[in-house]
Amino acid sequence: MALTGIQIFKLLPKTNCKECGVPTCLAFAMNLASGKASLDDCPYVSDEAREQLAEASAPPILPVQIGKGVRKRTIGSETVLYRHEKTFYNPTAIAAKVSSDIKDKDLKAKLATWNAFQYERVGFNLRPEMVAVADAGDAKAFAKVAKTIAETSEFNLILMSENVDAMKAAVEATSFKNPLIYAATEKTVDDFGALAKETGLPLAVKADSVEGLIPLTDKLVGMGIKNLVIDSGSRDVKQAFEDQIVIRRAALKGGNRSLGFPTIAFPCEMATNLDTETMLAAMFIAKYGAITVLSDFATESLFPLLLERLNIFTDPQRPMTVTEGIYEIGNPDENSPVLITTNFALTYFIVSGEIEGSKVPAWLLIKDTEGLSVLTAWAAGKFAGDDVGMFVKKCGIADKIKHKELIIPGYAASIVGEIEEELPDWTITVGPREAPHLPAFLKAR
Ligand code: SF4
């Protein structure tokens, strides 16, 4: 059972040295108890106290790493029920299922199609991570399909079989890719537990209810296995949804270590058409599936799910930003126009997209406004004329161009005078207020 903040405090050095980033040992103890700090942040905890605190300082939902390479994922490690309380940390991994009786050429075609499902959005590459291979009854074919996916694609694996020998063969062929073994049940917990322990691979646990999971995870933890993913077994929508919430609440609010693991959900086993399956996957991304398994990847369902995931797994207290600097759009030269805007990611991507669409090569200066859009930054004094002027001077754009004209956003028209004071030999031109008017504005010049 987790320790309280006061119990943790009693084991700390109580010097209030602040090296952990908070003013007192008590504050650190409270953060540790609520999963908002790591024990490693305090360099002065004695070995004896560290041992006692190890369990208390573990996150209420343990992190589990699955896979290798660019599509590897850490899941779990969440500390809040609601995103607005702090943030959700580790995005739901999205998987598609294939049966091990799939023909070789069909598998290769599928992998090529799935690999192409990658979308650039606000500076991120959005893509799914996993393929779940379901054993259709032939152990050799199961291992062969899993091996083909592991060796020929970036996708990571969920190996789905109830047959211990088939699982061993598939694990042997793909262990270099750190696949998830799915799943230990009441019947197979000893064998699957032994396999996970021997290989160090993450293991999923499946029961027929939330309560049924507890003795299984307790047994596996007793065997020294903590890389667990849990499945309450329900494929009824209402029950599966309830189970997700019960598990999250039990782990975070009840301190229930037996349920403190990331979950896996199977919309593919709960729906008969793509629309319903997509809707259920969206539900599990929001609450609280750490892995959601689809029957296939189709761009019309995958793209909205990836976008939903991007939106949910960002820190609501920190706007998404791009780095301050000079951005080249369409190979600009010394005569190309120079525009400036703020570093709010959405502003950057809309403005840069419109400039790109205009086919007029340009220099786009991005000024750090702590992620605020133009009007908000101006109102907050983070896009003031003197600041903008100083930034233009120090960013080095003057070395790249022959002219001295700066185009500012229409919403910041009132700072023209201040910029002119800071940049007396420059011409300051007020551009359009709205980004969609930029192409016509740039072409007309
Ligand atoms: Fe206390 Fe350790 Fe933080 Fe120093 S670093 S204030 S000793 S918890």
Side-chain angles (χ1 to χ4, degrees), residues 1-66 72-91 200 202 214 217-218 220-230 247-263 288 290 312-321 323-324 343 368 370-372 380 382:
M1 193 69 173
L3 299 179
T4 65
I6 296 297
Q7 288 169 322
I8 295 172
F9 174 66
K10 287 180 184 162
L11 297 167
L12 293 176
K14 302 185 203 63
T15 57
N16 298 333
C17 71
K18 301 187 180 64
E19 281 187 44
C20 54
V22 291
T24 62
C25 293
L26 183 59
F28 180 73
M30 293 303 171
N31 284 348
L32 205 55
S34 60
K36 293 176 189 156
S38 158
L39 189 54
D40 294 338
D41 295 340
C42 172
Y44 304 111
V45 183
S46 67
D47 288 348
E48 197 186 319
R50 188 173 289 277
E51 215 170 282
Q52 291 182 55
L53 286 169
E55 188 179 340
S57 65
I61 297 172
L62 293 180
V64 175
Q65 285 198 3
I66 299 170
K72 75 175 173 209
R73 274 278 171 210
T74 298
I75 53 171
S77 221
E78 302 298 344
T79 57
V80 291
L81 275 177
Y82 305 107
R83 175 178 174 266
H84 63 258
E85 290 177 84
K86 193 166 194 288
T87 185
F88 291 163
Y89 290 101
N90 290 310
I214 293 172
T217 57
D218 285 351
L220 290 163
V221 171
M223 292 166 72
I225 304 162
K226 290 193 173 170
N227 274 344
L228 298 176
V229 175
I230 53 180
I247 290 169
R248 176 67 68 99
R249 270 196 171 275
L252 296 191
K253 299 294 175 194
N256 187 332
R257 292 286 187 199
S258 306
L259 296 173
F261 303 99
T263 60
Y288 294 113
I312 288 178
F313 287 86
T314 50
D315 186 342
Q317 294 166 57
R318 292 177 54 186
M320 292 169 79
T321 60
T323 311
E324 182 174 85
N343 76 331
D368 183 3
E370 295 173 18
L372 298 179
K382 296 185 190 300

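In listed order, ligands and their atoms are each counted from 1.
Judged purely by atom type and a 3.5 angstrom limit, R249 has no side-chain atom pairing as donor or acceptor with the backbone of L81.
Each protein N, O or S atom less than 2.8 Å from atom 1 (Fe) of ligand 1 was counted, giving 1.
A perpendicular orientation is assigned to the rings of Y288 and F88, their planes being inclined by more than 60° (bins at 30° and 60°).
No side-chain heavy atom of T217 sits under 4.5 Å from any side-chain heavy atom of L259.
With sequence neighbours excluded, no residue satisfies ring pair (Phe, Tyr, Trp, His ring centres under 6.0 Å) with Y44. The salt bridge (Lys or Arg N to Asp or Glu O under 4.0 Å) search around E324 returns none, not counting sequence neighbours. Not counting sequence neighbours, F9 has no partner by the ring pair (Phe, Tyr, Trp, His ring centres under 6.0 Å) test.
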